[in-house]
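Sequence lines set the chain letters: A, B, ... in the order given, protein chains first and strands last, and positions in each chain run from 1. Everything quoted here is computed from the prediction, not taken from an experiment.
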There are 2 protein chains.
Amino acid sequence: MSKTTAADLIDRLERAGIRPSAQRVAIAGYVLATSEHPSADEVWQRVKTDFPMVSRATVYNTLQLFTEHGLLRQLVLAEGCVVFDPHVAPHHHFVDDVTGRIEDIPWSALRVGKVDQLEGVDVREYMVVVRGRRTRG
Amino acid sequence: MSKTTAADLIDRLERAGIRPSAQRVAIAGYVLATSEHPSADEVWQRVKTDFPMVSRATVYNTLQLFTEHGLLRQLVLAEGCVVFDPHVAPHHHFVDDVTGRIEDIPWSALRVGKVDQLEGVDVREYMVVVRGRRTRG
DNA sequence: TGCTCTATTTAGACTATGTCTAAATATCGG
DNA sequence: CCGATATTTAGACATAGTCTAAATAGAGCA
Ligand SMILES: [Mn+2]
Ligand SMILES: [Mn+2]
Ligand SMILES: [Zn+2]
Ligand SMILES: [Zn+2]
């Protein structure tokens, strides 16, 4: 039953090399503990209930700061930002960190196992998303 | 060397149950042949070079129509639409089709093979993205 | 303590992009 | 051709990410 106290949060921010301002502690109190995978604006809405005067820019900047210091990851999974792919058969994707370009990986080029053993889900589709850099090729 | 002709495109649209208006054929001529994984606005910009008067609404509606008829897939992979995850260790994700909720799948729950055999890429990270519905559980 | 420099926060403008509407246009069946 | 339907259009609207200049808060030092 270890509840995350303000002192715990301050400690964590300081160990990450981040000065623990009141705003940053409030943001950390939500976003470092959630399992909700919130968008930046969702974090803003949520933090405002405890800290009404926090600005949108502070929340965005703080999330970026936490990410740079390894306390958060950014996942490109939010609905509403889609790209279109005329290749409708199952395949995987590679996203180039440098250019942002999305490339196809043939289904047979990777092997994914144990998907059918997932509990409590009715799987419609799945794919591997690989991120990195292109080398010579 | 089979170039996609307008007649081919019209045929494909008709077989999909879509009336082949001039705008739809112009949009199809780009988006059904590309390997670029474009966003809707990128499709709009591109199609406008050949068909300057096409409206944004038509492009968005047409992409939706093509998707509903199985000619396109929508991929949630575009940079700029991120969610934040305090769980920074490698893991996979399940996205609920009904609620949009993103849930963690432990790294050990799935098995991914042959990633190290990908040619021409320096892999920084990868994950499986599973989409579907929650059942009882 | 009070001063000065720096880090941080703020409001709000700005941009980009997805959505919606009502009117105009094109196409179809008869 | 005519009336009905399908499609397209311009532009308003909404949402969310970015940027800026000014205000505030905090740290280091006299
Ligand atoms: Mn998590
Ligand atoms: Mn493709
Ligand atoms: Zn693809
Ligand atoms: Zn996660």
In plain terms, say whether R12(A) and D8(A) are close enough for a salt bridge, that is, a side-chain N and a carboxylate O under 4.0 Å apart. no
List in chain and number order the residues that pass side chain to side chain contact (heavy atoms under 4.5 Å, CB included) with R131(A), two or more places apart in sequence or in another chain; answer none if no residue qualifies. V76(A), V95(A), D97(A), V129(A), L77(B), E79(B), R124(B), E125(B)
What pairs with I18(B) under side chain to side chain contact (heavy atoms under 4.5 Å, CB included), at least two apart in sequence or on another chain? L13(B), A16(B), R24(B), L65(B), F66(B), H69(B), L71(B)
Inter- and intrachain pairs under salt bridge (Lys or Arg N to Asp or Glu O under 4.0 Å), touching residues 40-62 of chain B, at least two apart: D41(B)-R56(B)
Proximity to DNA chain D (any heavy atom under 4.0 Å), residues of residues 11-21 of chain A only: R19(A)
Tell me every residue that passes side-chain hydrogen bond (donor to acceptor under 3.5 Å, both in side chains) with Q64(A), counting only those two or more places apart in sequence or in another chain. Q74(A)
DNA chain D: 5'-proximal contact among A22(B) and V82(B) (nearest heavy atom): A22(B)
Send over the distance from Q74(A) CD to dT18(D) C1', rounded to a whole Å. 14 Å
Counted 5' to 3', the first and last nucleotides of DNA chain C within 4.0 Å (strictly under) of a heavy-atom of chain A are dA7(C) to dG18(C)
P90(A): side chain to side chain contact (heavy atoms under 4.5 Å, CB included) partners, not counting sequence neighbours: W107(A)
Those residues that, when tested against Y30(B), pass side-chain hydrogen bond (donor to acceptor under 3.5 Å, both in side chains) (two or more places apart): E36(B)
What is the distance from CD of Q23(A) to P of dA23(D), rounded to the nearest Å? 18 Å
Sequence-distant partners of Q23(A), side chain to side chain contact (heavy atoms under 4.5 Å, CB included), two or more places apart: S21(A), F51(A), V54(A), T58(A)
Clusters formed by hydrophobic residues whose side-chain heavy atoms approach within less than 4.5 Å: which one holds V88(B), and what are its other members? none
Under 4.0 Å from any atom of DNA chain D, heavy atoms only: list the residues of residues 40-63 of chain B that qualify, in numerical order. M53(B), V54(B), S55(B), A57(B), T58(B)
Partners of E14(A) by side-chain hydrogen bond (donor to acceptor under 3.5 Å, both in side chains), sequence neighbours excluded? none
